[in-house]
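Worksheet: the structure to be examined is printed underneath.
From a predicted model like this one, the values you see are computed outputs, not experimental measurements. Residue indices begin at 1 and follow the sequence shown.
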Amino acid sequence: MSLVNILNIQVLDNPTNFKNPFQFEITFECNAPLKDDLEWRMIYVGSAESSEYDQVLDSIMVGPIPVGVNKFIFSADAPKIELLPKKDLLEVTVVLLSCLYNDKEFVRVGYYVNNEYIDGELRENPPEQVIVDKLQRNILADKPKVTRYTIDWINPENTFPMKIEQSDSMDQQDTMMV
């Protein structure tokens, strides 16, 4: 059983200009006292072909965590464009929110992100060089992919086969992500 359950993630400022920060309002429940902080990571997948273009947009420590429902806004700057393959700037990619306890990931929430020109003419006839100032980022907030991992919350040094549970939404008792 997980001691921390995500209840809701709301994507803020969406759709928005490609260069604007990513913003997520995260609501989670802590079911028992935690000795250590939670680490939250936001990762932008730069290319489907290679993880070498993935960028950790931000990593924050949240704590101490009181038992009960907690909420915070996780904000991070847009990815560094110069580190992304030019051919992958347009169309669909992924942004991941990951939460770890004692360096052990216990949940990952992925969202598809569509990057396209705001202007219809540019969408129909994209220029050879991408005009980043005219790109819009749209996170498909209603279709998150949630992956849960089993970790040992009490003795983090223990290692055992990890149980992975994937779903397209939160558990039945959790609020659907909107």
TODO: Look at the rings of F72 and F74 and say which category their plane angle falls in: under 30° parallel, 30 to 60° tilted, over 60° perpendicular.
DONE: tilted
TODO: Anything under 30° is parallel, anything over 60° is perpendicular, the rest tilted; go ahead and classify Y44 against F18.
DONE: perpendicular
Task: Residues, nucleotides or ligands: over 12 heavy atoms within 6.0 Å of E128 CD - done: no
Task: Any Y101 side-chain heavy atom under 4.5 Å of K35 side chain - done: yes
Open item on the list: So that I can tick it off, tell me whether R123 and E121 are bridged by a salt bridge, with the cut-off set at under 4.0 angstrom between side-chain N and carboxylate O.
Closed with: no
Open item on the list: Does this structure show an ion pair linking K87 with E49, if we count only N-O contacts that are shorter than 4.0 Å?
Closed with: yes
Backbone N or O of [Y] within a donor-acceptor pair of the [X] side chain at under 3.5 Å?
X	Y	answer
N17	K134	no
N155	W153	no
Y117	I131	yes
D88	S47	no

TODO: Please write out which residues are connected to V45 in a hydrophobic cluster, directly or through intermediates, given that two of Ile, Leu, Val, Met, Phe, Trp, Tyr count as joined at side-chain heavy-atom separations below 4.5 angstrom.
DONE: I43, V56, V92, V94, L96, Y112, L140
Task: Apart from I73 itself, residues in the same hydrophobic cluster as defined by side-chain heavy atoms under 4.5 Å - done: L12
